[in-house]
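Order of the sequence lines fixes the chain letters, A, B, ..., with proteins taken first and strands second; residue numbering starts at 1 for each chain. No hydrogens, no waters, no symmetry mates; every other heavy atom, side chains included, goes into these values. Bear in mind the structure is a predicted one, so any value in this text is a computation, not a measurement.
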Amino acid sequence: MKHTTALATVASAKDRFARATEEPARAGSVVLRPPRVPHAAPVPPRGAAARLKRWFRLNKGTIRAILLGMLSIGLFIALWHVLTVNRMSVYVRFVNVPSPEQVLESAEQAFASGRFFDHIVISCRRILIGFSIATLVAVPLGLLMGRYKLLREVVFPVSEVMRPIPAIAWVPMAIMLWPTNEESIVFITFLGSFFPILINTLHGMSTVDEVLVRAARCLGAREAATFREVYFPAALPQIFTGLTVGMGVAWVSLIAAEMISGQFGIGYFTWESYSLVQYSDIALGMICIGVLGLASSFAIRAVGRIVTPWATRH
Amino acid sequence: MSASAKKGLIEVSDFCLSYETLDGAMSAVEDADLLVRPGEFVSIIGPSGCGKSTLLNAVAGFLKPTRGTVTVDGEAVKGPGADRGMVFQQYSLFPWKTVRENVEFGLKMRGVSADERKRSARTLLGLAGLSQFEDQYPDRLSGGMKQRVGIVRALATGPRVLLLDEPFGALDAQTRQIMQQILTNLWERLEISVLFVTHDIDEAIFLSDRIYVMTARPGSIKAEVTVPLPRPRDSTLQLSPEFLGLRAELGALIREESLKAMGGELNADALKGLAINLNGANLSDVI
Ligand SMILES: Nc1ncnc2c1ncn2[C@@H]1O[C@H](COP(=O)(O)OP(=O)(O)OP(=O)(O)O)[C@@H](O)[C@H]1O
Ligand SMILES: [Mg+2]
């Protein structure tokens, strides 16, 4: 087959287009296009100002999210201010609700006294102990249950019956079970986080791709190594989902337990403030709980991202 | 055997394997015999569902034959092990390990020191043209690169035989050809036996010393074809008369079996509708 090609003589795209329309390609012929003349690479502007500009452009999404977040919290506080300062009462009564300014004032006093800080420390310690024990029990148990059917079949029915019982319903039983109040509160915190962690670990184990297990076996991995190198890392992202959910439930359970029994902790502080008619302390306690819960979930997510660097970010 | 000290002799004899199902035992492979000599490249082709994967998985040690024996270098296969490397049809890299860590996995299982592991992994990755990607996680790689890493990983432990189950099935035609070339190069350098499952006739001819053709299910060996083409082979070979002749011959064999495999679904009228040409043969002759 003979074909002629006009190479390198074409000066511009316009010219090329003109030729293409003049002589349409014959069926079966191969028409080579002249090599493309590359555009001059754009020289990026240098200097601090230009860098700053680029940084803003690249992080536009994050910056927007932060600004909007601050705006929405600001609006919330403003609304709160308007409702409380004017003592609005439209069926819902804001008459006794403290204003943001009052809460700020009592926060200054509370932190100055040190007692409030002790409440926070005690609550955090309970969370830390209860949640850590839950993690240390639920993760290995979930991994083993995922791997060994017999264990799963024995343990799963019990856990399914216990799971729907809210931790707060355990308070009377916990007080009976444990010698000290402190232990029963930690136990309730433990229970709250235990089930979300267990269920998520189990779910993570059920999603392990069988071909990866086979691949590991073919490369000489035995049972323990397969567990360590395949099942565990495969389930890890799902385990961290469980830990995040578990941490949230741990706080819910802790606060409930502290409100019902106990003499310390941020939940106790909040409830006591109500009995003592310290209305602005109620709001202070609530905000504190919110911030602590948020911070602990955030911390877990951060750890999760570090230990699962392969997982795509959401 | 030959005088060379090469290892990697695969012998499958009187092989039967049936799967337990609700309707009773379903025979997947019946009376299959095959042999891979040390250092030989052997392919298995056959229609879909004829039991190619079943046979390969039995050599890998994932399935036990219902009857018959599978031996590698005279030893009966008892379970999966690092002496038989395997490359799967699905991508099977560990997503939580980087490319290099994936390749190192087999050596790590064997207790090789981290330094030594790194060195051999790097050498092999270099041979497969993957040096730049050693610190990437697999989800950043293209399909062809993933399978290349899969092959390198299977080779890293220095297995006696390499088993591949349609490893290039998911790749486009061009990538496939390059992968075939890479596989050939690695095989020639490492002097190991290869048992390669495919349904692509061109691929089987291009790669193999010998080809087994399987019958429709229950699969057994229908034909054994020695490929007389000289090595080294390159892609121009695919236009040579020997290649084309072999291809036509194998094509006819497989076509017959594929029609048989679909026999339950097709009758003469259906074939007319589907414009399938029987080349003058009667449907009942073929099936
Ligand atoms: N676990 C199983 N249980 C029951 N039947 C099975 C099982 N695995 C495979 N089979 C059947 O055994 C037969 C052979 O399967 P196999 O996967 O070996 O075929 P194949 O030749 O590899 O097919 P393909 O080319 O489509 O991969 C098929 O008919 C399949 O339906
Ligand atoms: Mg298959």
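- Annotation: side chain of L219(A) is not in contact with side chain of M86(B) (no heavy-atom distance under 4.5 Å).
- Contact count against chain A (heavy-atom pairs under 4.5 Å) is highest for W96(B) among Y137(B), F105(B), W96(B).
- Heavy-atom distances place no part of L107(B) under 4.5 Å from chain A, backbone and side chain included.
- Interface residue N57(B): only side-chain heavy atoms are found under 4.5 Å from chain A.
- No salt bridge links R119(B) with E116(B); every basic N to acidic carboxylate O contact stays at or beyond 4.0 Å.
- Interface remark: R110(B) contributes no atoms to any contact with chain A (heavy atom separation under 4.5 Å).
- Under 3.5 Å, the side chains of N200(A) and T241(A) contain no donor-acceptor pair of N or O atoms.
- Note that R214(A) lies in the cation-pi zone of F62(B), set by a 6.0 Å cut-off to the ring centre and a 45° limit from the axis.
- If you tally non-hydrogen atom pairs under 4.5 Å between each of P159(B), P80(B), A154(B) and chain A, the highest count goes to P80(B).
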Throw together a table of side-chain donor-acceptor distances under 3.5 angstrom for residues 137-145 of chain A, partners on residues two or more places apart or in other chains.
none

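- Looking at R153(B), both its backbone and its side chain come within 4.5 Å of chain A, counting heavy atoms on both sides.
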